[in-house]
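Input: a single structure, listed below in structure tokens.
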Amino acid sequence: MSAAFTASSQAVANASVTATILTAISITKIVDMNFGNISVQAQSGGTVILSTAGIRFATGGVTLPATNGTVTAASFTVMGQDLLTYSITLPVTPFYISIASKNKANMTVTAFLSNPSNTGILSGGTQTLTVGATLNIAAAQPDGIYTSTSGFVVTVNYN
């Protein structure tokens, strides 16, 4: 009598499932950007470049008086998952500031830059982000305090 053997061609394995929820990334404004006191010649305009460290440089027909006024780069706190990197997106189109009492005279803010630049890392789950820019001033720019009706947007995202 012969024995019948049944061959099995099936095997089974189990796999576990894991998911990690990261601390949500957030950004909070600490200090607004302020270019301080500026003087411009009637014949020619120029720019004021504000570094991420809050240091100003004037070009063209613009001068920076000895009485600086309040000069600050914008400052933000970025918070999220410790040791993760994030990307920084700054405005790429001109941002307008104006003085309503002078027939809506305006100036543009351009060439935004940040420290860190492009990418940051959340050491201890937090990092300070500073933003500078260039203020474009026309010849004979009307005097007064120029402000924005809404703030410029800085976006951060995990890489």
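Taking Asp32 as the reference, Lys29 meet the side-chain contact (heavy atoms from CB on, under 4.5 Å) condition, with sequence neighbours excluded. Every side-chain contact (heavy atoms from CB on, under 4.5 Å) that Ile97 has, sequence neighbours left out, goes to Phe95, Met107, Val109, Leu135, Tyr146, Ser148. Not counting sequence neighbours, Ala24 has no partner by the side-chain contact (heavy atoms from CB on, under 4.5 Å) test. With sequence neighbours left out, Asn136 forms a side-chain hydrogen bond (donor to acceptor under 3.5 Å, both in side chains) with Thr108, Thr110. Qualifying side-chain contact (heavy atoms from CB on, under 4.5 Å) partners for Ile27, counting only residues two or more places apart in sequence or in other chains: Phe76, Val78, Leu129, Val154, Val156.
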Side-chain donor-acceptor distances from residues 11-19 under 3.5 Å, at least two apart:
none

Identify all side-chain donor-acceptor contacts of residues 34-47 below 3.5 Å with residues at least two apart in sequence or on another chain.
unit_1: Asn34; atom_1: OD1; unit_2: Gly36; atom_2: N; d: 2.8
unit_1: Asn37; atom_1: ND2; unit_2: Thr67; atom_2: O; d: 2.9
unit_1: Thr47; atom_1: OG1; unit_2: Thr59; atom_2: OG1; d: 2.5

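Residue pairs meeting the side chain to side chain donor-acceptor pair (under 3.5 Å) criterion with at least one partner in residues 75-86, sequence neighbours excluded, are Thr23-Gln81, Thr85-Asn159, Tyr86-Gln127. Sorted pairs that involve residues 40-72 and meet ring-ring contact (aromatic ring centres under 6.0 Å, His included), not counting sequence neighbours, are lacking altogether. Among residues at least two apart or in separate chains, there is no salt bridge (charged side-chain N to carboxylate O under 4.0 Å, His left out) pair with a member in residues 149-159.
Hydrophobic clustering, with ILVMFWY side chains joined whenever heavy atoms are under 4.5 angstrom apart, groups Val62 together with Ile99. Met79 and Ile88 are not part of a single hydrophobic cluster, where members link through side-chain heavy atoms under 4.5 Å apart.
Hydrophobic side-chain contacts under 4.5 Å tie Ile30 into a cluster, directly or through other members, with Val31.
When the shell of 6.0 Å around CG of Leu22 is examined, it contains more than 12 heavy atoms from other residues, nucleotides or ligands.
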